[in-house]
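First the proteins, then the strands, lettered A, B, ... as listed; each starts at 1. Bear in mind the structure is a predicted one, so any value in this text is a computation, not a measurement.
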Number of protein chains: 2
Amino acid sequence: MLKNLALICRMEIPSKYYISDYKIPIDEYFVFGLSVDCVIFGYHEGEIKVLLVQRDAEPFKGHWALIGDLVEPNQNLRDAANNVLEKLTGLKNIYMKQFFTFGSVDRHPIGRVVTVGYFSLVNSMDYNPIASSWAKSAQWFSISDLPELAFDHHNILQKGIETLKNEVRHKPTGFELLPSKFTLLELQLLYEALLGYKFDKSNFRKKILEMKILKPLNEVKENVSHRPAKLYSFDEKSYRALEKEGFSFQL
Amino acid sequence: MLKNLALICRMEIPSKYYISDYKIPIDEYFVFGLSVDCVIFGYHEGEIKVLLVQRDAEPFKGHWALIGDLVEPNQNLRDAANNVLEKLTGLKNIYMKQFFTFGSVDRHPIGRVVTVGYFSLVNSMDYNPIASSWAKSAQWFSISDLPELAFDHHNILQKGIETLKNEVRHKPTGFELLPSKFTLLELQLLYEALLGYKFDKSNFRKKILEMKILKPLNEVKENVSHRPAKLYSFDEKSYRALEKEGFSFQL
DNA sequence: ATACTTAAAGTAAAAAATACAATAAGTATT
DNA sequence: AATACTTATTGTATTTTTTACTTTAAGTAT
């Protein structure tokens with residue numbers, strides 16, 4: 001039995017909906033597949049990582065790839081992206097952002113599949129691929145040492161990295177990569193990894209504290225063999241309030 | 001005769017391409033329509049404008065809308081967006097940027113149509129709707145005084161405006177809205193309109209000239225009833241060179 | 001008690017941003 | 001031709017921010 005919506009359209013949609021003079025019947029425009037691909041960033045030991053899976057089916061069997069999936073006919077894009085992330089990591093409520101849509105005619109061997117790229121920032125402590133059901137095939141890779149990727153995933157990943165680096169300097173999103181309680185030095189090292197250059201410790205501290213977007217906690221870092229640093233958490237409420245007054249994060 | 005690619009897929013694509021366990025046959029995922037919608041920005045008399053057309057067909061007949069069109073099965077997204085712009089304005093080689101993809105399940109009454117938003121910056125001197133073949137229906141609107149829009153075009157437009165305002169402050173794209181030769185005051189007024197606040201004339205001039213991205217011309221503004229200002233043009237080569245050295249535009 | 005490590009605070013110099021002021025170079029008017 | 005008028009362009013003093021270090025504090029390890 002035939003359920004293709006394009007055909008249903010041809011039968012049911014009144015001609016008043018034909019919004020232009022198309023060269024071919026309008027149902028023949030409904031031939032696109034739609035997918036989402038997720039660039040999942042993590043941070044570990046001073047390096048920005050990205051989560052990849054090894055494909056166990058053709059095409060590109062054995063190649064590493066971004067995780068992604070076809071979007072269901074009745075599924076919103078954001079839901080599709082969240083599902084993909086949750087299926088792999090079990091994580092919900094993760095920072096996620098659409099960054100670009102890739103639609104080259106020949107990007108997918110199965111047909112015309114347009115894919116929407118999302119990136120998400122995961123505190124790498126929250127997810128260990130070894131413990132996941134995809135264990136055998138999922139792995140964190142440093143973005144400076146990537147394997148060859150399936151499809152046009154190299155393009156997608158590069159665009160994702162570019163967008164992240166750009167966003168991170170103007171919005172306080174980098175925090176998502178850290179545990180909820182962190183020291184100022186940990187934050188500094190994260191930003192050094194993200195932006196690719198060093199900060200002066202004293203000046204970094206001054207600058208970030210002056211912004212008033214960190215909440216100082218009455219706790220210190222444990223299990224260090226030297227003076228423990230005070231822990232802070234990102235103060236989202238305070239940031240939102242400042243943003244309304246015209247403040248804009250800048251590093 | 002039936003030409004739907006989804007069906008062709010079902011017949012011809014070997015099972016090794018079935019990349020996951022899908023709940024429904026894979027051809028039933030190929031039911032999406034794809035379109036592009038363009039937010040065309042112009043600048044005139046100190047105001048940021050956007051070009052809208054009045055729909056002459058259902059749905060939303062009579063409503064103003066962004067210009068856009070369905071993407072052909074063998075057409076790349078960028079080409080589709082350029083075509084739409086050229087069909088309306090006759091302009092080629094216009095700055096154009098993809099900014100977001102809108103895919104809510106019920107955003108289009110004809111079926112599942114996902115639309116990719118592009119914005120373009122047009123020097124409004126280059127296009128006058130009166131002279132165009134769409135004359136009767138195309139019109140510039142100030143972004144502070146917009147009519148009600150068809151579909152979810154209000155969302156798309158707002159997201160486009162947000163993206164423009166964001167981009168303009170970190171990349172020298174605002175220049176695209178001016179004629180190729182402009183005075184420093186004209187540039188300042190443009191940025192004041194884009195960013196929503198005033199600059200000190202002397203300081204703005206100092207800052208922008210220090211960037212070394214403007215080429216001073218041996219020409220002055222004509223037809224003004226006071227001392228004419230020197231004309232400048234944006235020096236793209238110089239900007240690209242500086243960018244490689246790590247310079248980043250900031251206003 | 002001492003050495004060692006990192007946290008946290010301070011400080012002086014340099015650079016950049018800001019707010020004006022002064023001068024220059026045109027056009028329009030008398 | 002002299003004068004008023006308008007905007008362009010240059011200059012300058014003050015304030016603020018950034019930068020590069022220095023000093024002191026507070027913990028752990030020996």
Side-chain angles (χ1 to χ4, degrees), chain A residues 45-46 169-170 172 178-179 181-193 195-235 242 245-251, chain B residues 45-46 168-170 172 178-179 181-235 242 245-251:
Chain A
E45 291 175 346
R169 122 190 289 132
H170 305 296
L178 289 177
K181 300 172 180 182
F182 50 85
T183 71
L184 295 180
L185 186 58
E186 286 167 349
L187 184 63
Q188 179 181 341
L189 293 173
L190 168 66
Y191 272 97
E192 289 180 350
L195 300 176
Y197 52 78
K198 303 272 183 195
F199 291 93
D200 176 276
K201 203 163 144 186
S202 166
N203 297 331
F204 180 85
R205 152 188 295 271
K206 233 178 294 177
K207 190 163 184 176
I208 204 92
L209 287 178
E210 264 169 13
M211 290 180 190
K212 313 275 187 197
I213 58 174
L214 294 188
K215 197 190 307 175
L217 305 172
N218 286 323
E219 292 176 71
V220 294
K221 189 82 183 172
E222 313 256 304
N223 299 319
V224 285
S225 69
H226 52 76
R227 175 179 175 181
K230 190 185 276 190
L231 289 169
Y232 292 82
S233 68
F234 176 59
D235 191 340
L242 288 166
E245 296 167 21
F247 163 81
S248 81
F249 182 87
Q250 181 95 321
L251 263 184
Chain B
E45 290 174 349
V168 124
R169 125 189 287 133
H170 305 296
L178 289 176
K181 300 171 180 183
F182 50 85
T183 71
L184 294 181
L185 187 58
E186 285 167 349
L187 184 62
Q188 179 181 343
L189 293 174
L190 168 66
Y191 272 97
E192 288 179 349
L194 284 167
L195 300 175
Y197 51 78
K198 302 271 184 199
F199 291 92
D200 176 278
K201 202 163 144 187
S202 164
N203 297 332
F204 179 85
R205 151 188 294 271
K206 233 178 290 176
K207 190 163 183 175
I208 204 89
L209 287 178
E210 262 169 14
M211 290 183 191
K212 313 274 188 197
I213 59 174
L214 294 188
K215 199 190 304 175
L217 305 172
N218 287 322
E219 294 177 66
V220 294
K221 188 82 184 172
E222 314 256 304
N223 301 318
V224 284
S225 69
H226 52 75
R227 175 179 175 183
K230 189 185 277 189
L231 289 170
Y232 292 82
S233 67
F234 176 59
D235 190 340
L242 288 166
E245 297 168 21
F247 164 80
S248 81
F249 182 85
Q250 181 96 320
L251 262 182

Mind listing the closest non-hydrogen atom pair of [X] and [Y] along with its distance?
| X | Y | answer |
| --- | --- | --- |
| A/Pro216 | A/Leu214 | CD-O, 3.5 Å |
| B/Glu186 | B/Lys221 | OE2-NZ, 2.6 Å |
| B/Leu217 | B/Lys230 | O-CG, 3.7 Å |
| B/Ala193 | B/Gly46 | CB-O, 3.5 Å |

- For chain B, the stretch of DNA chain D it reaches, first to last nucleotide, under 4.0 Å of its heavy atoms: D/dT6 to D/dT12

- Message: With a cut-off of less than 4.0 Å, is there a side-chain N or O of A/Arg205 near OP1 or OP2 of C/dA8?
- Response: yes

Would you classify [X] as touching base, sugar-phosphate or nothing, given that sugar-phosphate means primed atoms plus P, OP1 and OP2, and contacts are heavy atoms under 4.0 Å?
| X | value |
| --- | --- |
| B/Lys230 | sugar-phosphate |
| A/Ser202 | base |
| A/Leu184 | nothing |

- Task: Let me know, please, whether A/Ala229 or B/Arg227 comes out on the 5' side of the other along DNA chain C by nearest nucleotide.
- Result: A/Ala229

- Would you kindly compare A/Ser225 and A/Asn203 by the position of their nearest DNA chain C nucleotide and give the one closer to the 5′ end? A/Ser225

From [atom1] of [X] over to [atom2] of [N], roughly how many Å is that when rounded to an integer?
| X | N | atom1 | atom2 | value |
| --- | --- | --- | --- | --- |
| B/Tyr197 | C/dA17 | OH | P | 12 Å |
| B/His226 | C/dA24 | NE2 | C1' | 15 Å |
| B/Leu251 | C/dA16 | CG | P | 16 Å |
| A/Gln188 | C/dT6 | CD | C1' | 12 Å |
| B/Lys201 | C/dT18 | NZ | P | 18 Å |

- Item | Test side-chain hydrogen bond (donor to acceptor under 3.5 Å, both in side chains) applied to A/Gln250 and A/Arg169, A/Lys207, A/His170, the passing residue | A/His170

- Those residues of residues 206-221 of chain A lying under 4.0 Å from DNA chain C by at least one heavy atom: A/Lys206

- Item | Heavy-atom side-chain proximity of B/Leu185 to B/Phe204 below 4.5 angstrom | no

- Hey, is the main chain of A/Phe199 close enough, under 3.5 Å, to the side chain of A/Gln188 for a donor-acceptor pair? yes

- Task: Verify ring pair (Phe, Tyr, Trp, His ring centres under 6.0 Å) between A/Phe234 and A/Tyr232, making sure each step is shown before the conclusion.
- Result: CA-CA 7 Å; A/Phe234 176 59; A/Tyr232 292 82; over 10 Å; no

- Item | Partner nucleotide, any strand, of D/dT30 [Watson-Crick/G-U, under 3.5 Å] | C/dA1

- Derivation and outcome, side-chain contact (heavy atoms from CB on, under 4.5 Å), residues A/Leu231 and A/Val220: CA-CA 5 Å; A/Leu231 289 169; A/Val220 294; 5.7 Å; no

